[in-house]
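FYI, side chains are in, hydrogens and waters are out, and symmetry mates aren't considered; it's all heavy atoms of this structure.
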Amino acid sequence: MANTGIQIIGTQRSGSNLLRVILDQSEEIASPHPPHILVVFMPLLPLYGELDSVSYKTLVNDVVTYVNANPVPWEGVLLDADEIYEASTRYDLLEINRLVYEQAAINKGAKYWCCKSMANVHYATEMEDFGLNLKYIYLYRDGRDVACSFKKAIVGEKHIYHIAKQWNEDQEACLHLRASLPTERFFSLNYETLITQPESEIRKLCLYLDIVYHPEMLKFYDSKTSKLTAAAGEMWSNLEKPIISNNTGKFLKEFRGNDLEIFELVAGDVLKELDYELVIQNPDASLIDAAHIVNYDKENAALKKEAVLTARQSDLDNREGQAKILKEIKARTL
């Protein structure tokens, strides 16, 4: 394989775009904004049937069209579906994902390609079986602050119960993967330490990746990729600013009602495993009983609709291209 892959795993809203653009400042890493190829297309694979020369070519065309419509364009990379198809050594979505990201690395002349689609941790078994021999970076942040961020974002769950459940599942998957891999293929990075000690943490990461550390990596906010990403969505606007070192403990001010109690009931064990202190000593377990969860489901659905209705029009417009492509794929293959 022409280039080595890096996979960032964890949960969104944990500083992964910050880490992505820092890494992209290195000449040795191509770290484009993720189109989430596996997360989007793995559930759609049954629509293509058994992959043969014809159905695989259709899949390649669909993935390339989708990536080319990414809200944040890949600088200097123009994907060609025929080239991806011809370069394929097997009919597999993971092969398409590899070749797409390798194109970014080849275009930059980089040693590594880096995928920031953090939910790919749930396809770790498939990625490992495929033989990519990836280097994983597990970026984790206090889940309660992650929840504060998701509540304001256009994407993701919106009720505290559902955010806590997703965060908990993601961290458990990451910790399970860490336990199954040799240490030279897994690097754990704590968001709170990254923003308070950025140089030392990025130096450690560079050492792990066997690349040269450059001070310019921490001047990411002046880069074209940061400006393009910030312009593409309100939730990425901080990428145009230097690291905000006090961006922690927001949940203590922003949580309302039973938010804190519910989050710690759902994800308290994982919070403790990651060395975050719990605030509630004796939470009311009835807050996550079946009757409450039914109500939380309804509230979550309503909040997700509201997030779209109140989003900036430009944010919606930037996502429209990919949404239209997916709609066409589903309509065509059903």
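Two rings, from Tyr138 and Tyr136, have their centers 6.0 Å or more apart. Aromatic ring centroids of Trp167 and Phe263 lie under 6.0 Å apart.
Hydrophobic clustering keeps Leu303 apart from Ile262 (ILVMFWY residues linked when any side-chain heavy atoms are closer than 4.5 Å, directly or through intermediates). Linking Ile, Leu, Val, Met, Phe, Trp and Tyr whenever their side-chain heavy atoms come within less than 4.5 Å puts Leu316 and Val155 in one cluster. Linking ILVMFWY side-chain heavy atoms closer than 4.5 Å, directly or via other members, places Val212 and Leu209 in two distinct hydrophobic clusters. Put simply, Leu78 and Val60 are part of two different groups of oily side chains (I, L, V, M, F, W, Y) that touch within less than 4.5 Å, one to the next. Both Leu45 and Leu94 belong to a single network of hydrophobic side chains, linked directly or stepwise wherever heavy atoms of I, L, V, M, F, W or Y lie under 4.5 Å apart.
Classification of Asp142 and Arg144 as a salt-bridged pair holds, one side-chain N sitting under 4.0 Å from a carboxylate O. Between Arg203 and Glu199 there is a salt bridge, since a side-chain N of the basic residue sits under 4.0 Å from a carboxylate O of the acidic one. Classification of Lys152 and Glu254 as a salt-bridged pair holds, one side-chain N sitting under 4.0 Å from a carboxylate O. Using a 4.0 Å cut-off between charged side-chain N and carboxylate O, Arg312 and Asp317 make no salt bridge. Salt-bridge formation is detected for the pair Lys204/Glu201: a Lys NZ or Arg NE/NH1/NH2 atom is positioned less than 4.0 Å from an Asp or Glu carboxylate oxygen. The pair Asp259-Lys151 meets the salt-bridge criterion, since a charged nitrogen lies less than 4.0 angstrom from a carboxylate oxygen. Classification of Arg332 and Asp62 as a salt-bridged pair holds, one side-chain N sitting under 4.0 Å from a carboxylate O.
When atom types are taken as modelled, the side chain of Tyr66 and the backbone of Val40 share no donor-acceptor pair closer than 3.5 angstrom. Distance alone, capped at 3.5 Å, is enough to place a donor-acceptor pair between the Glu261 side chain and the Asp284 backbone. Of the possible donor and acceptor atoms, none in the side chain of Thr193 sits under 3.5 Å from a partner among the backbone N and O of Leu189. Formation of a donor-acceptor pair under 3.5 Å by the Gln25 side chain with backbone atoms of Val21 is found in this model. A donor-acceptor pair under 3.5 Å is formed between the side chain of Ser88 and the backbone N or O of Ile84. Panel note: side chain Ser226, backbone Asp222; no donor-acceptor pair is recorded below 3.5 Å. For the pair Ser16 (side chain) and Gln12 (backbone), a donor-acceptor distance under 3.5 Å is absent. A donor-acceptor pair is defined here as one N or O able to donate and one able to accept, closer than 3.5 Å; such a pair exists between the side chain of Ser55 and the backbone of Asp52. With hydrogens and angles ignored, the 3.5 Å screen pairs no side-chain donor or acceptor of Asn120 with any backbone N or O of Tyr123. Although no hydrogens or angles enter the test, the distance criterion places a donor-acceptor pair under 3.5 Å between the side chain of Lys158 and the main chain of Ala153.
The cationic group of Arg90 lies under 6.0 Å from the six-membered ring centre of Phe130 and within 45° of the ring axis, placing it in a cation-pi geometry.
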Report the C-alpha distance between Ile137 and Ile9 in whole Å, list the side-chain angles of each, state the deciding distance to 0.1 Å, and finish with yes or no for side chain to side chain contact (heavy atoms under 4.5 Å, CB included). CA-CA 6 Å; Ile137 303 172; Ile9 56 173; over 6 Å; no
From CA spacing to verdict: side-chain hydrogen bond (donor to acceptor under 3.5 Å, both in side chains), Glu95, Thr89: CA-CA 8 Å; Glu95 179 77 338; Thr89 58; 2.8 Å; yes
Between Lys241 and Asn238, is the side-chain hydrogen bond (donor to acceptor under 3.5 Å, both in side chains) condition met? List the steps. CA-CA 5 Å; Lys241 307 170 188 174; Asn238 283 343; 3.2 Å; yes
I'd like to know whether His36 forms a side-chain hydrogen bond (donor to acceptor under 3.5 Å, both in side chains) with Ser117, so could you lay out the CA-CA distance, the side-chain angles of the two residues, the decisive distance to 0.1 Å, and finally the verdict. CA-CA 5 Å; His36 306 296; Ser117 192; 2.7 Å; yes
Taking it one step at a time, do Met127 and Leu38 satisfy side chain to side chain contact (heavy atoms under 4.5 Å, CB included)? CA-CA 10 Å; Met127 291 190 296; Leu38 300 186; 4.1 Å; yes
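Between Tyr85 and Tyr91, the angle of the ring planes stays under 30°, which puts this pair in the parallel group of the 30/60° scheme.
Judged purely by distance below 3.5 Å, without hydrogens or angles, the side chains of Ser14 and Arg141 never pair a donor atom with an acceptor atom. Checked by atom type, the side-chain pair Gln171/Thr11 shows a donor-acceptor distance below 3.5 Å. At a cut-off of 3.5 Å, with distance as the only test, a side-chain donor of Asp289 or His292 sits close to an acceptor on the other residue. Residues Asn247 and Tyr191 bring a donor and an acceptor atom of their side chains to less than 3.5 Å of each other.
Using a 4.5 Å cut-off on side-chain heavy atoms (C-beta onward), Lys108 and Trp113 make no contact. When side chains are defined from C-beta on, Thr248 counts as touching Ile195, because their heavy atoms get closer than 4.5 Å. Taking the side chain as every heavy atom from C-beta outward, Asp92 and Asn97 never approach each other to under 4.5 Å. Looking only at side-chain heavy atoms (C-beta outward), Asp24 and Ile29 stay at 4.5 Å or farther from each other. Side-chain atoms of Leu260 and Phe251, non-hydrogen and from C-beta on, do get closer than 4.5 Å to each other. With contacts defined as side-chain heavy-atom distances shorter than 4.5 Å, the pair Ile329/Phe41 qualifies. Contact annotation: the side chain of Asn107 never approaches that of Trp74 to less than 4.5 Å [non-hydrogen atoms, C-beta and beyond]. When side chains are defined from C-beta on, Cys114 counts as touching Ile8, because their heavy atoms get closer than 4.5 Å.
Considering all non-hydrogen atoms of both residues, Val72 and Thr229 come closest at CG1-OG1, 3.6 Å. Nearest heavy atom pair, residue Ala110 against residue Ala30, reads CB-N, 3.8 Å. Nearest heavy atom pair, residue Leu271 against residue Glu264, reads CD1-CG, 4.2 Å. Scanning all heavy atoms of the two residues, the minimum distance from Cys115 to Gln7 falls at O-NE2, 3.2 Å. Listed here is the closest heavy atom pair of Lys111 and Ile211: CD-CG2, 4.5 Å.
Only one option out of Lys304, His159, His162 pairs with Glu299 in a side chain to side chain donor-acceptor pair (under 3.5 Å); it is His159.
Rounded to the nearest 0.5 angstrom, Ile244 CD1 and Leu18 CG are separated by 9.0 Å. Once rounded to the nearest 0.5 Å, the distance linking CG of Leu134 with OG1 of Thr4 reads 9.5 Å. Of the inter-residue distances, the one linking Ser26 atom OG with Glu216 atom CD reads 10.5 Å to the nearest 0.5 angstrom. Separating the OH atom in Tyr48 from the CG atom in Leu93 is a distance of 9.0 Å, to the nearest 0.5 Å. Between Ile243 atom CD1 and Thr196 atom OG1 the span is 9.5 Å, to the nearest 0.5 Å.
Atom CD of Glu184 has more than 12 heavy atoms from other residues, nucleotides or ligands within 6.0 Å. Remark: Asp80 CG is packed, more than 12 non-hydrogen atoms of other residues, nucleotides or ligands lying under 6.0 Å away. By the neighbour-count criterion of 12 heavy atoms within 6.0 Å, atom NZ of Lys135 is densely surrounded, having more than that number from other residues, nucleotides or ligands. Counting non-hydrogen atoms of neighbouring residues, nucleotides and ligands closer than 6.0 angstrom, the CD atom of Gln197 exceeds 12 such neighbours.
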